[in-house]
Amino acid sequence: MAVSFLARDVSDLCLGKPPLRSLSTAATVADALAVLKNSDESFISVWLCCEHEKEKEQCRCVGKVCMVDVICYLCKEDNLLSPSSALNQPISVILPKDCSLVVHLQPSSSLLEAIDLILQGAQNLVVPILPTKRSGVSRRKQHLKASSTINSHNGCEFCWLTQEDVIRFLLGSIGVFTPLPALSLDSLGIISSDVLAIDYFSPASSAVGAISKSLTQQTSVAILDNDGTFIGEISPFTLASCDETVVAAIATLSAGDLMAYIDCGGPPEDLVRVVKARLKEKSLEKMLQEFTILSSCDSLHSAFSSSSDEESPTRTMTRSGRYSKSSSYSARMVRKAEAIVCHPKSSLIAVMIQAIAHRVNYLWVIEDDCSLVGIVTFSNMLKVFREHLETM
């Protein structure tokens, strides 16, 4: 039964998934930023297309970018001083260097192949969307063609297949793996103690490298106090709901304050004033002015250029700290900065359900006293399922 289950084609997991929005490798960082701010998706695929004399144009997805890639890039010292120049650079400067993070896979490939690729480090699998004769498909394709960022490559459209998709599929047939799902995390040995963490009072700027790494690992950065107690996290998933102006907060706030700043309720008024004052101290007001011009966001300029603190900065910063278009903001899954946690004695199935419910690829594992034990990821879970199959 398990063998036939894992022999299922990955096309079964792709039913109903939307086609990828994409950019060419010839695009700039500014192009990527514009698409991300006007898209309902968190990631944009990047494609390299080559023309052959005797063949039609051949294209391949070479990576993906998100708002966090842009934010971490703009946090570099040289880019803080001249964001306009930084945004005009080719998209390759923010594209992850590890090309194995995105892998092409045929619709006829087995689920077992997909799991093995994920365990080898692939974050996303790019799968062609099979044509269908269902009614309304032609109208759907006509609608999709109206968007310049949804492209057909090599004569067809593609979709992402993610770790979450595979976990959801396994959860739907969890009975195949009995008694594995009922076992605790500590008994399975899938809690990783190798975590990305930063002290609550450390400068948020010192966490940029860890944030970038956590994005690659599909995890997060833990915020700890002096005693090692788990306070919260700086999550790339939460940070991705902000716009590029959050760079100002990263450059001026502590890690703990940044955690509060990017909460989905919008930055608190007192933190807005702190950011404003520290930008002046660091002579970085020009950076915000450039962002204002580049994004044509008048509310951002009014929030930071006003000389009166009595004007309400909270409302303007809430808009400028998030995507300026309400349609983009509301369409996204925006999670509060509060971390999702579990206990070492939590069962595997409970943790799977908890992670999927909160749309995260990991859970922090803490003891009753809130001390951090480690982290459990979808990749850890898939490894256990893969090993369990070999014993069946």
Side-chain angles (χ1 to χ4, degrees), residues 29 32-33 36 65-87 89 93-97 195-217 219-226 228 230-264 266-292 294-295 300 303-304 313 317 320-322 337 339 372:
V29 178
L33 180 60
L36 286 165
V65 296
C66 70
M67 184 61 73
V68 182
D69 290 309
V70 178
I71 290 170
C72 290
Y73 167 68
L74 291 175
C75 282
K76 295 180 179 180
E77 185 175 356
D78 291 344
N79 297 339
L80 285 174
L81 299 175
S82 183
S84 58
S85 297
L87 290 172
Q89 295 300 307
V93 298
I94 63 170
L95 198 63
K97 306 306 179 185
V195 300
L196 298 167
I198 187 171
D199 182 77
Y200 184 94
F201 296 102
S202 296
S205 57
S206 66
V208 172
I211 293 171
S212 181
K213 188 174 182 179
S214 70
L215 177 64
T216 300
Q217 296 178 348
T219 57
S220 187
V221 180
I223 305 296
L224 307 177
D225 67 8
N226 294 332
F230 182 75
I231 304 297
E233 67 176 354
I234 299 176
S235 166
F237 189 69
T238 306
L239 194 60
S241 67
C242 301
D243 66 15
E244 72 277 15
T245 62
V246 77
V247 171
I250 295 174
T252 55
L253 298 178
S254 68
D257 285 340
L258 178 64
M259 182 175 64
Y261 186 95
I262 65 176
D263 190 15
C264 69
E269 182 177 345
D270 59 335
L271 288 183
V272 173
R273 287 196 290 264
V274 169
V275 172
K276 179 179 176 180
R278 291 179 181 173
L279 285 173
K280 289 183 178 180
E281 293 174 4
K282 296 187 176 185
S283 300
L284 289 176
E285 289 177 294
K286 183 180 178 181
M287 173 191 73
L288 268 299
Q289 293 171 359
E290 285 198 43
F291 278 149
T292 305
L294 291 166
S295 60
L300 172 64
F304 281 96
M317 271 303 298
S320 62
R322 300 285 171 183
L372 181 63

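Residue numbers start at 1 and run along the sequence shown.
Every residue two or more places apart in sequence or in another chain was checked for a side-chain hydrogen bond (donor to acceptor under 3.5 Å, both in side chains) with Thr216, and none qualifies.
In this structure, Tyr200 OH and Leu258 CG are separated by 10.5 Å, a value rounded to the nearest 0.5 Å. Considering OG of Ser241 and CD1 of Ile262, their distance stands at 7.5 Å, rounded to 0.5 Å. Taken to the nearest 0.5 Å, the SG atom of Cys66 stands 4.5 Å off from the CG atom of Leu215.
Heavy-atom minimum distance, Ala197 versus Leu224: CB-CD1, 3.8 Å. Considering all non-hydrogen atoms of both residues, Ala260 and Pro268 come closest at O-CD, 4.0 Å. Looking at every heavy atom in both residues, Ala240 comes nearest to Met67 through O-CB, 3.8 Å. The minimum heavy-atom distance between Tyr261 and Leu271, with the atom names listed, is N-CD1, 4.0 Å. Listed here is the closest heavy atom pair of Ser235 and Ser220: CA-OG, 3.2 Å. Smallest separation of non-hydrogen atoms from Met259 and Ile223: SD-CG1, 3.9 Å.
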Which donor-acceptor pairs under 3.5 Å do the side chains of residues 201-212 make with protein atoms, sequence neighbours left out?
from, atom 1, to, atom 2, distance (Å)
Ser206, OG, Pro203, O, 2.5

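Identified under the side-chain hydrogen bond (donor to acceptor under 3.5 Å, both in side chains) test for residues 247-260, with sequence neighbours left out: Ser254-Asp257.
Of the possible polar contacts, one joining the Lys282 side chain to the Ala251 backbone as a donor-acceptor pair under 3.5 Å is found. Looking at Ser82, its side chain never comes within 3.5 Å of a backbone N or O of Ser84 through a donor-acceptor pair. Looking at Asn79, its side chain never comes within 3.5 Å of a backbone N or O of Lys76 through a donor-acceptor pair.
With Val29 as the partner, the side chain to side chain contact (heavy atoms under 4.5 Å, CB included) test is satisfied by one option alone out of Val93, Leu74, Asp69: Val93. Between Leu284 and the options Leu81, Val275, Val247, a side chain to side chain contact (heavy atoms under 4.5 Å, CB included) holds for only Leu81.
Between Leu239 and Val246, some side-chain heavy-atom pair lies under the 4.5 Å cut-off. Side-chain contact between Lys213 and Leu196 is present, with heavy atoms from C-beta onward closer than 4.5 Å.
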